[in-house]
Amino acid sequence: MFGKIKFYKEISSSLFATLCKTLIGFVSIPLFVKYLGADRYGLWIMALSTLTFINFLDAGVFPSIKNRLTEFNSNNDTINFQLYLYSGFVFGAFLFLMASLLGLCFFFVDINLFFKITDPIAKSESLPLFIVLYGVMVISISLSNVENYYASKILLGNIRFIEGILTLLMFGATFLALIYTDNLVLVAFLFSSPIFILRIFLFFNLMYSSNIVRFSNKDVISKLKQELKPSISFLGIKLAEIIITIVPNFYIVREFGLKEVTHYSVVYKYISIPLILISAILPAVWPMLTLAWHKGDKIWIKKIIHTSLLLTLIGYAFYLGIAIFWGVDIVFYLSSKVIKSNIIFILMLGVLSLIIGMVYWVSTFLHSITDFKFEFIIHILLAFSICLIGGIAISYFGLNYFILVMTISWFFIAFVPMYKRSMNFLK
């Protein structure tokens with residue numbers, strides 16, 4: 001379907017960016033914990049996980065537009081390609097306006113009371129931290145359509161390579177701010193800014209190169225209405241994902257405090273490095289799957305899915321084997337000798353991460369063919385199981401049983417039905 005050079009270039013560029021972020025993640029955790037302290041670092045993690053609801057704001061329109069752009073590009077339909085591209089940016093401007101108004105709610109919510117924050121310094125930083133991170137994330141998601149342009153032309157690898165370089169540069173700025181200012185808000189802004197800066201640059205680059213053609217408001221509204229139906233289901237998926245992402249940290253901070261959030265975060269970040277690599281590859285693979293689907297190349301798609309699942313299993317088996325011998329020590333030094341974990345906890349999160357990685361592969365294929373309604377049902381059931389059964393487990397039996405509930409839910413509620421659905425499409 002694709003030349004090997006083209007395919008591996010996209011994958012390798014995405015991996016480069018992720019390796020940069022992963023390397024920085026390893027280096028930054030002990031630095032952040034050492035200079036900020038466990039409470040302030042836990043506040044930062046809590047803010048990031050809470051603000052994932054911003055992904056809910058695009059209403060699933062951008063992923064749907066990405067599939068459309070890829071389809072029109074493959075068919076050389078320039079007019080519709082330009083119309084959908086422009087419509088995506090109009091929607092992004094509307095999203096930015098609505099999100100800016102929604103951001104005013106931060107001034108009417110007592111964040112310290114809600115999250116039971118008691119550290120004096122953390123209490124003084126909580127509101128500005130939430131506002132700054134919210135602004136960065138809102139602008140970034142409002143400009144998501146700029147990456148749809150490159151993804152539809154199978155050029156996303158180039159963007160990921162630039163992102164990797166920018167990530168390294170901004171970490172240098174973050175390190176200087178951490179050492180010389182001890183300002184959590186500034187540190188968090190600089191550390192979160194690479195994708196924010198990149199998308200702003202790409203947007204103005206497209207504007208300058210005249211690749212954005214204007215259309216009438218009537219045409220734009222008409223096309224956006226067409227995308228709302230599949231987007232509503234994707235919106236439901238995003239909402240469920242946000243719940244699934246927020247719930248663990250929310251339950252942990254309520255039951256055990258901010259320091260246990262840091263423990264969970266550090267261990268999960270370490271043990272989920274293979275998942276981070278998978279997540280890096282998927283945005284580049286998504287448009288390729290869409291293009292292959294419209295060309296009718298089901299054999300290539302099935303080969304990609306099965307090969308990816310096999311490599312995921314092998315990679316995790318090797319990685320967890322290493323974690324058995326050195327995982328506890330790695331977590332200890334990653335946290336600047338603050339966190340003393342245990343191998344059972346690390347392996348449990350590792351198995352959970354493995355199952356999620358397997359789900360990501362089949363889910364990306366279903367994304368690529370806009371099968372959002374089915375995925376929406378799966379994610380709602382998954383969120384319900386984690387919230388209800390997981391909540392009971394963590395309250396009465398502890399954190400390990402909560403992780404067990406999440407693992408079983410991800411496998412039987414998400415992976416099994418999604419895999420069967422994918423294979424039915426590829427018969």
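Numbers here simply count residues along the sequence, with the first being 1.
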**OP:** Apply side chain to side chain contact (heavy atoms under 4.5 Å, CB included) to F201 and L166, showing your working.
**Re:** CA-CA 12 Å; F201 168 77; L166 193 56; over 6 Å; no

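- The residues K303 and D297 are annotated as not salt-bridged, no charged nitrogen and carboxylate oxygen being separated by less than 4.0 angstrom.
- Note: M348 CE to N400 CG = 5.0 Å, rounded to the nearest 0.5 Å.
- Checked against the 6.0 Å centroid criterion, the rings of Y149 and F203 do not qualify as a close aromatic pair.
- Within the 3.5 Å criterion, the main-chain N or O of E71 finds a donor-acceptor partner in the side chain of N75.
- With hydrogens and angles ignored, the 3.5 Å screen pairs a side-chain donor or acceptor of S144 with a backbone N or O of I141.
- Atom CD1 of I165 is separated from atom CD1 of I162 by 9.0 Å, given to the nearest 0.5 angstrom.
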**OP:** Kindly determine whether L69 and L85 satisfy side chain to side chain contact (heavy atoms under 4.5 Å, CB included), including the steps that lead there.
**Re:** CA-CA 7 Å; L69 290 175; L85 180 65; 4.2 Å; yes

Original post:
Can F32 and T174 be said to form a side chain to side chain contact (heavy atoms under 4.5 Å, CB included), step by step?
Top reply: CA-CA 10 Å; F32 291 149; T174 303; 4.0 Å; yes

**OP:** Check the pair R40, D182 against salt bridge (Lys or Arg N to Asp or Glu O under 4.0 Å), reporting the backbone distance first and the verdict last.
**Re:** CA-CA 11 Å; R40 296 172 75 200; D182 190 37; 3.1 Å; yes

Subject >> Step-by-step side chain to side chain contact (heavy atoms under 4.5 Å, CB included) determination, F91 to I65 >> reply: CA-CA 11 Å; F91 177 76; I65 288 178; 5.5 Å; no

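- Side-chain contact between F412 and L382 is absent, with no heavy-atom pair separated by less than 4.5 Å.
- Of all heavy-atom pairs between W300 and A292, the closest is CE3-CB, 3.7 Å.
- With 3.5 Å as the limit, one finds no donor-acceptor pair spanning the side chains of T290 and T70.
- Residue-environment remark: CD1 (I79) stays at or below the threshold of 12 foreign heavy atoms within 6.0 Å.
- The backbone N or O of A99 lies less than 3.5 Å from a partner atom in the side chain of Y134, making a donor-acceptor pair.
- The aromatic rings of H306 and Y419 are tilted relative to each other, their planes meeting at an angle between 30° and 60°.
- In this structure a side-chain-to-backbone donor-acceptor pair under 3.5 Å is missing from N145 to Y84.
- The shortest non-hydrogen separation linking A414 to I378 is CA-CG2, 3.6 Å.
- Annotation: the span from L143 atom CG to F89 atom CZ amounts to 7.5 Å, rounded to 0.5 Å.
- The side-chain heavy atoms of F402 and I252, taken from C-beta on, include no pair separated by under 4.5 Å.
- Within 6.0 Å of CG on L97 lie more than 12 heavy atoms contributed by other residues, nucleotides or ligands.
- No donor-acceptor distance shorter than 3.5 angstrom exists from the side chain of S265 to the backbone of T262, with no hydrogens or angles considered.
- The shortest non-hydrogen separation linking L43 to S126 is CD2-CA, 4.0 Å.
- By the 4.5 Å heavy-atom criterion applied to side chains, L36 and L178 are counted as neighbours.
- Under the 4.5 Å side-chain criterion, counting only non-hydrogen atoms from C-beta, L320 is not in contact with I324.
- By the 4.5 Å heavy-atom criterion applied to side chains, V331 and F345 are not counted as neighbours.
- Side chains of W361 and T312: a donor-acceptor N/O pair is present below 3.5 angstrom, by distance only.
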**OP:** Would you sort out whether S152 and N73 count as a side chain to side chain donor-acceptor pair (under 3.5 Å), showing the intermediate values?
**Re:** CA-CA 7 Å; S152 66; N73 183 60; 5.3 Å; no

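- Environment of OH in Y319: crowded, with over 12 heavy atoms of neighbouring residues, nucleotides or ligands closer than 6.0 Å.
- Nearest heavy-atom pair, L275 versus Y268, reported as atom, atom and distance to 0.1 Å: CD2-OH, 3.6 Å.
- Between L349 and Y270, every side-chain heavy-atom pair lies at or beyond the 4.5 Å cut-off.
- Salt-bridge check for E163 with R199: failed, with every basic side-chain N at 4.0 Å or more from each acidic carboxylate O.
- Classified by interplanar angle (parallel below 30°, tilted 30° to 60°, perpendicular above 60°), the ring pair W44/Y41 is perpendicular.
- Between the S385 side chain and the L381 main chain, no donor and acceptor come within less than 3.5 Å of each other.
- Atom CD of E147 and atom CD1 of I159 lie 7.0 Å apart (nearest 0.5 Å).
- Closest approach of H379 and I244 over heavy atoms only: O-CD1, 4.3 Å.
- Within 6.0 Å of the OH atom in Y333, the count of heavy atoms belonging to other residues, nucleotides or ligands does not exceed 12.
- Annotation: the span from L404 atom CG to L399 atom CG amounts to 11.5 Å, rounded to 0.5 Å.
- In this structure, the separation between CD1 on I243 and CD1 on I386 is 10.0 Å, given to the nearest 0.5 Å.
- Considering only heavy atoms from C-beta on, Q82 stays 4.5 Å or farther from F72 through its side chain.
- When only modelled atom types and interatomic distance are considered, S353 and Y316 share a side-chain donor-acceptor pair under 3.5 Å.
- In this structure the side chain of N67 reaches within 4.5 angstrom of the side chain of F372, judged on heavy atoms.
- Taking every heavy atom of both residues into account, F365 and L289 meet most closely at CA-CD1, 3.9 Å.
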